[in-house]
Amino acid sequence: MASEPEKVVPPVEAPVAEPEKAALPPSTTRPTDYFAVADVVLRLLVFASALVSVVVMSTSKETEMLPYPRPAKFTESPALIYFVAALSVAGFFSLITTLGSLYSLIKPGCCAKIISHFIVIDVLLLGIVASATGAAGSVTYIGLKGNTYVGWGKICTLYGKFCRYLGASIGVSLFASVMLVLLVLLSVYSLSKKIPK
């Protein structure tokens with residue numbers, strides 16, 4: 001018997017397996033919500049500017065020797081007292097809302113409700129700060145320019161340091177007003193992003 005030649009079978013090439021994509025472990029970090037971070041930063045800026053404005057206004061005192069010593073201080077004008085009170089309230093509430101904003105940054109599930117409350121608080125604070133800045137600005141303007149129609153003279157020629165303090169305080173409160181406008185816009189935009197389409 002003749003033996004049959006063995007058939008040589010070519011070796012089967014093992015299929016080239018595509019490298020498996022390693023399954024990435026689920027990320028334990030949340031993506032950063034930049035709106036919430038900007039909210040915290042703006043609230044801190046409102047607090048800092050309100051605090052600086054109150055401190056500068058409270059320390060604005062100057063005494064000139066006219067026929068007798070005559071001090072100029074913020075407590076002599078109801079508009080300036082209102083300014084200090086309003087900016088104190090704005091600073092206090094901005095500190096509270098900063099803590100709330102930090103809480104919403106840590107626990108993002110409660111954001112929509114907190115943001116809606118913050119919008120109301122921010123609009124009220126904006127109205128208070130803007131009205132106080134306007135009242136203090138008008139008193140400072142009369143001190144700087146006087147009013148010849150009613151016979152009020154310029155006092156900033158006598159009390160230069162006092163008027164510089166007033167001007168600096170009003171400038172910083174204008175910055176706080178702009179930060180509050182940005183906060184309101186940011187909050188409205190953040191809340192609108194959370195509304196399902």
Side-chain angles (χ1 to χ4, degrees), residues 35-66 69-105 114-147 152-188:
F35 289 120
V37 172
D39 188 62
V40 170
V41 169
L42 287 173
R43 290 184 190 286
L44 285 173
L45 285 173
V46 169
F47 171 71
S49 60
L51 179 68
V52 167
S53 189
V54 167
V55 167
V56 170
M57 181 66 76
S58 299
T59 59
S60 63
K61 181 178 179 183
E62 185 177 5
T63 303
E64 286 298 322
M65 294 302 287
L66 300 170
R70 181 101 187 201
K73 49 189 174 181
F74 82 96
T75 55
E76 303 296 326
S77 170
L80 298 180
I81 293 171
Y82 169 61
F83 178 82
V84 169
L87 269 291
S88 299
V89 168
F92 175 71
F93 275 107
S94 67
L95 187 61
I96 289 174
T97 57
T98 300
L99 295 175
S101 189
L102 281 172
Y103 176 73
S104 70
L105 187 63
I114 289 177
I115 289 173
S116 65
H117 293 300
F118 284 174
I119 291 172
V120 173
I121 292 171
D122 292 340
V123 168
L124 289 173
L125 287 179
L126 175 60
I128 291 170
V129 169
S131 68
T133 302
S138 66
V139 169
T140 304
Y141 181 79
I142 289 177
L144 182 66
K145 299 289 185 178
N147 188 337
W152 296 339
K154 302 174 185 178
I155 66 158
C156 287
T157 55
L158 296 173
Y159 299 101
K161 177 184 163 196
F162 176 71
C163 288
R164 283 192 302 275
Y165 273 53
L166 292 182
S169 182
I170 291 168
V172 173
S173 71
L174 280 173
F175 176 76
S177 296
V178 171
M179 293 300 106
L180 282 167
V181 168
L182 292 176
L183 267 174
V184 169
L185 293 175
L186 179 71
S187 297
V188 167

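Values below: every heavy atom of this structure, side chains too, minus hydrogens, waters and symmetry copies.
Within 6.0 Å of the OH atom in Tyr165, the count of heavy atoms belonging to other residues, nucleotides or ligands does not exceed 12.
Counting only distance, with no hydrogens or angles, the side chain of Thr97 and the backbone of Phe93 share a donor-acceptor pair below 3.5 Å. Glu62 contributes a side-chain N or O that, together with a main-chain N or O of Phe162, makes up a donor-acceptor pair within less than 3.5 Å. Within the 3.5 Å criterion, the main-chain N or O of Ala135 finds a donor-acceptor partner in the side chain of Ser138. Although no hydrogens or angles enter the test, the distance criterion places a donor-acceptor pair under 3.5 Å between the side chain of Ser104 and the main chain of Ser101.
Contact between Ser187 and Ile119 at its shortest, heavy atoms only, is CB-CG1, 3.4 Å. Of all the heavy atoms in Ala168 and Val56, the pair that sits closest is CB-CG1, 4.4 Å. Taking every heavy atom of both residues into account, Ala72 and Tyr159 meet most closely at CB-CD2, 3.6 Å. Thr133 and Ser173 make their closest contact through OG1-OG, 3.0 Å (heavy atoms, listed as atom of the first residue, atom of the second, distance).
Ala38 is linked by a side chain to side chain contact (heavy atoms under 4.5 Å, CB included) to Leu186, counting only residues two or more places apart in sequence or in another chain. Taking Asp122 as the reference, Arg43 meet the side chain to side chain donor-acceptor pair (under 3.5 Å) condition, with sequence neighbours excluded.
Between the CG atom of Leu158 and the SG atom of Cys163 there is a distance of 9.0 Å, given to the nearest 0.5 Å. Note that the CG atom of Leu105 and the OG1 atom of Thr98 stand 12.0 Å from one another [nearest 0.5 Å]. Here Ser88 contributes atom OG and Phe83 contributes atom CZ; the two are 9.5 Å apart, rounded to the nearest 0.5 Å. Interatomic distance, Asp39 CG to Phe35 CZ, rounded to the nearest 0.5 Å: 11.0 Å. The CZ atom of Phe74 sits 9.5 Å away from atom OG1 of Thr59, with the distance rounded to the nearest 0.5 Å. Atoms CD1 and OG1, on Ile155 and Thr140 in that order, are 8.5 Å from each other to the nearest 0.5 Å.
Using a 4.5 Å heavy-atom threshold, the side chains of Leu42 and Val46 count as separate. Between Thr75 and Leu80, the closest side-chain pair of non-hydrogen atoms is not below 4.5 Å. Within the 4.5 Å cutoff, side-chain heavy atoms of Ser131 are placed close to those of Tyr82. Two residues are said to be in side-chain contact when any heavy atoms from C-beta on lie closer than 4.5 Å; Leu166 and Met57 meet this criterion.
Considering Ser58, Ser49, Ser53 as possible partners of Leu87, the one that fulfils the side chain to side chain contact (heavy atoms under 4.5 Å, CB included) test is Ser53.
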